[in-house]
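Accompanying notes for the structure given below.
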4 protein chains.
Amino acid sequence: MPRVSENYKEEKREAILDSAAQCFAEKGFSETTVDDIAKASKTSKGSIYLYFKSKEEIFHKLNDRRTEKYFEIKEQLSEFKNATAKIDYLFQYFISGKMDDNTLNHIAVQFEFWIYATKAGRQQVFDDRVERFTTFITEIIEEGIESGEFREDVQVKEFSRLFWSTLDGIVLHLLFHKDITEHRSMLRLYEQMIFKYLQN
Amino acid sequence: MPRVSENYKEEKREAILDSAAQCFAEKGFSETTVDDIAKASKTSKGSIYLYFKSKEEIFHKLNDRRTEKYFEIKEQLSEFKNATAKIDYLFQYFISGKMDDNTLNHIAVQFEFWIYATKAGRQQVFDDRVERFTTFITEIIEEGIESGEFREDVQVKEFSRLFWSTLDGIVLHLLFHKDITEHRSMLRLYEQMIFKYLQN
Amino acid sequence: MPRVSENYKEEKREAILDSAAQCFAEKGFSETTVDDIAKASKTSKGSIYLYFKSKEEIFHKLNDRRTEKYFEIKEQLSEFKNATAKIDYLFQYFISGKMDDNTLNHIAVQFEFWIYATKAGRQQVFDDRVERFTTFITEIIEEGIESGEFREDVQVKEFSRLFWSTLDGIVLHLLFHKDITEHRSMLRLYEQMIFKYLQN
Amino acid sequence: MPRVSENYKEEKREAILDSAAQCFAEKGFSETTVDDIAKASKTSKGSIYLYFKSKEEIFHKLNDRRTEKYFEIKEQLSEFKNATAKIDYLFQYFISGKMDDNTLNHIAVQFEFWIYATKAGRQQVFDDRVERFTTFITEIIEEGIESGEFREDVQVKEFSRLFWSTLDGIVLHLLFHKDITEHRSMLRLYEQMIFKYLQN
DNA sequence: CATGAATGAGCATTCATTCAT
DNA sequence: CATGAATGAATGCTCATTCAT
């Protein structure tokens, strides 16, 4: 019989993750000390290790969390009838989705994690992700081609990969310039370009 | 009266930079020790400090170097008569440019540097870059509009920013998947999309 | 809620200071490594930094400690009725005060600290000290003049400064020759000279 | 047949010593780098080692030089007829002797050297010095006693040691406060005290 | 003789992780 | 469960000394 409810533990885990995200976003993974995280999450250094095996594990979990969150949208898309509506909603989602500090922190951490994952022996992180995400878009595009919404000769695979590359590029620049208005107008422009390419 | 020619010193500097790029690309900036760089450049730890003030300075110089290299293309573009040819050449340049290990190392380092520059008190790195690079594209687009090659209602500013965001995104994914063929086909597809947007 | 009592922490601090004093006295501040101090105080290098910000801070604290100790006598003097008795007691104090190894270590460290404080940008250490110490003697001498114990034409200010200069010189030579007997006989002789000068 | 005259070499040695004294006085022995000395003496790091075996040797030589200089006065004293005149001249010498920057530098270095010599295995420096200097004063005092200038019951040995201790103390305080006027008035006062003690 | 590039031992300091309380 | 003191390995950087030119 655990003294402390699972619920409480889960909340504390999440709180530590959020605090860590803030620290990592502000100072970077390496520059952040476990003490920083402890202080930010108003707990003790020792407690951190009750919830996570290491500082590195926190980094990994933050990336997982962000990836799941980002992928949640897939569920919502099934409601939309055609490919055009789906892609349109996708952009709606990105353009009007909330961009609070916590979200920006997680974005920053995710990019740092990616760069980190680029290093020796950690590349498989990307293979999983690219698989999931390109398939996601591929299916929509194929649906659009089948229904006649999109041109037949769309290079589906290349397009899907370019789609996420561009989106990552746009989000990366949001990180650089911290200008959400600019970010949104880039997304809108990109949507136009996409439809210009897909349709007709 | 230096016993060692300036030329020799410059070569040594460059050699250290290349070695550092390799180390940073493999292990990341923080994980790389100055000893690693010394070993990789076949010199001593002390010598590193004859050529650079700190490990951090090496990081900065590597970013500077890459940025200059990337920007060199601007000179070459003046030869081309119209905006279409310029943009086309730009893509040629990116698509057929050499992608040896050293270049990939520098790309990896540059992205890590950007993430690092994202952190507290270092953002001005981006303002310089965005200014130079967006202006670069803006001028070409405006030339194209004036000459009638491109539509009048192109959103020049947004387009220019999107252009570099996308390019950065594509290069970032090259880093992730290390697949140059895929990288090139994405660039080709992006060129198509751009012209579809700009023309007519 | 500290797991370790404040008392314990204070004791540990003091123990580190004593060990450091021993190391500094034996090898000098620069030649002493933090490892030396750790070893001497039977703790770890890391622990040293739990109690002090830097090696230099230890050096400063040791000087502060010695200065306070040296100045403690002032309290005791208030009991004595006249200036002669006060000065006499002062010498008693110096002559018969204990001169164990720890004290000698602290003396050695203090002189090294002074020489160190002589260097660029650290001289204000002395202004505080000279003020406190000369005032201390000045008051006694003035009391003696008023009461008629001492000559009216004593050069109070010069005398006070000479007093501490001489005392410092005597203690410095104790450091050089480590001969406590000689040290005490010099103090006694100096007392004679002082009274010969002050009285009559 | 040496290419460069001995004279030139000697001058260069002296120049390096003076520069080193300046550096040591300003930053301390440990804090001074051989590069500092090279720069200050307008020569190269390598050259320093043509003239001195090590940084430490420079430190030693500086102390020797100062000690010799200080002892030079002994020769001059033989001209004076009696002990009183000799001591009087001694004070004249100290009080009106020049106190330029170079002299102050050497004083500073000497004290630092003493503290340094205090450390393990270097104490014999003092035994030599104390022997020479106390004998010097002892002889004068004994001459004065014999001639009837001074009291018969002067504690010659203690007095001689106290004499140098005090002088060192006074010079030490000059180092602390850098106030030459104050320094001279302390010397004058000390002379008074001495004669008050010796005579009558 | 003169130079200053090269070397690598040495050191202060930091910090992730452990563990006694 | 919670804490934070303790640890010591790890690392950036310095600098006396050497030596090829």
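DNA chain F is contacted by both Thr33(B) and Ser54(D); Thr33(B) maps to the nucleotide lying nearer its 5′ end (nearest heavy atom per residue). Along DNA chain F, the nucleotide nearest Ser30(D) and the nucleotide nearest Gly46(C) are compared for position; the residue whose nucleotide lies closer to the 5' end is Gly46(C).
Closest to the side chain of Val34(A), from the set dA12(E), dT17(E), dA6(E), is dT17(E). The side chain of Tyr49(A) lies closest to dA16(E) when the candidates are dT7(F), dA16(E), dA5(F). For Leu50(C), the side-chain atoms get nearest to dT7(F) when compared with the rest of dA2(E), dC11(E), dT7(F). When distances are taken from the side chain of Lys55(A) to each of dA16(E), dA16(F), dT13(E), the shortest belongs to dA16(E).
For the OP1/OP2 pair of dA6(E) and a distance below 4.0 Å, the side-chain nitrogens and oxygens of Tyr8(B) include at least one atom meeting the criterion. Contact annotation: Lys12(D) side-chain N/O to dC1(E) OP1/OP2 distance is not under 4.0 Å. Contact check, Thr43(D) against dA2(E): no side-chain N or O comes under 4.0 Å of OP1 or OP2. One finds no side-chain N or O of Tyr51(C) lying less than 4.0 angstrom from the OP1 or OP2 phosphate oxygen of dG4(F). An OP1 or OP2 oxygen of dA5(F) is reached within less than 4.0 angstrom by no side-chain nitrogen or oxygen of Ser47(C).
Rounded to an integer number of Å, the gap from CZ of Arg13(D) to C1' of dC1(E) is 16 Å. Rounded to whole Å, atom C1' of dA2(F) lies 18 Å from atom NZ of Lys42(A). In this structure, the NZ atom of Lys39(A) is 11 Å from the P atom of dG4(F), given to the nearest Å. Between the P atom of dA16(F) and the CD atom of Glu31(C) lies a distance of 11 Å, rounded to the nearest Å. Distance Lys53(A) NZ to dT18(E) C1': 16 Å, rounded to the nearest Å. Between Asp35(C) atom CG and dA9(E) atom C1' the separation is 14 Å, expressed in whole Å. Between Asp36(B) atom CG and dT11(F) atom C1' there is a gap of 10 Å when expressed in whole angstrom units. Between the P atom of dT11(F) and the CD1 atom of Ile48(B) lies a distance of 15 Å, rounded to the nearest Å.
Between the side chains of Thr67(C) and Asp64(C), no donor-acceptor pair is found at a separation under 3.5 Å.
Pairing of dG8(E), defined by two Watson-Crick or G-U wobble distances under 3.5 Å, is identified with dC15(F). A 3.5 Å limit on both hydrogen-bonding distances identifies dT14(E) as the Watson-Crick or G-U partner of dA9(F). Within the shown strands, dA2(E) is the pairing partner of dT21(F) under the Watson-Crick or G-U definition, both distances less than 3.5 Å.
Although no hydrogens or angles enter the test, the distance criterion places no donor-acceptor pair under 3.5 Å between the side chain of Thr43(A) and the main chain of Lys39(A). A donor-acceptor contact shorter than 3.5 Å is absent between the side chain of Lys53(A) and the backbone of Ile58(A).
You'll find a donor-acceptor pair under 3.5 Å spanning the side chain of Lys45(C) and the base of dT13(E), going by distance alone.
Between Arg65(A) and Asp18(A) there is a salt bridge, since a side-chain N of the basic residue sits under 4.0 Å from a carboxylate O of the acidic one. Between Glu56(B) and Lys61(B) there is no salt bridge, since none of the side-chain N atoms of the basic residue sits less than 4.0 Å from a carboxylate O of the acidic one.
A cation-pi arrangement is present between Lys55(D) and Phe29(D), with the terminal nitrogen or guanidinium carbon under 6.0 Å from the aromatic centre and inside a 45° cone about the axis.
Among the heavy atoms of the strands lying under 4.0 Å from Thr32(B) are primed sugar atoms or P, OP1, OP2 only; no base atom is included.
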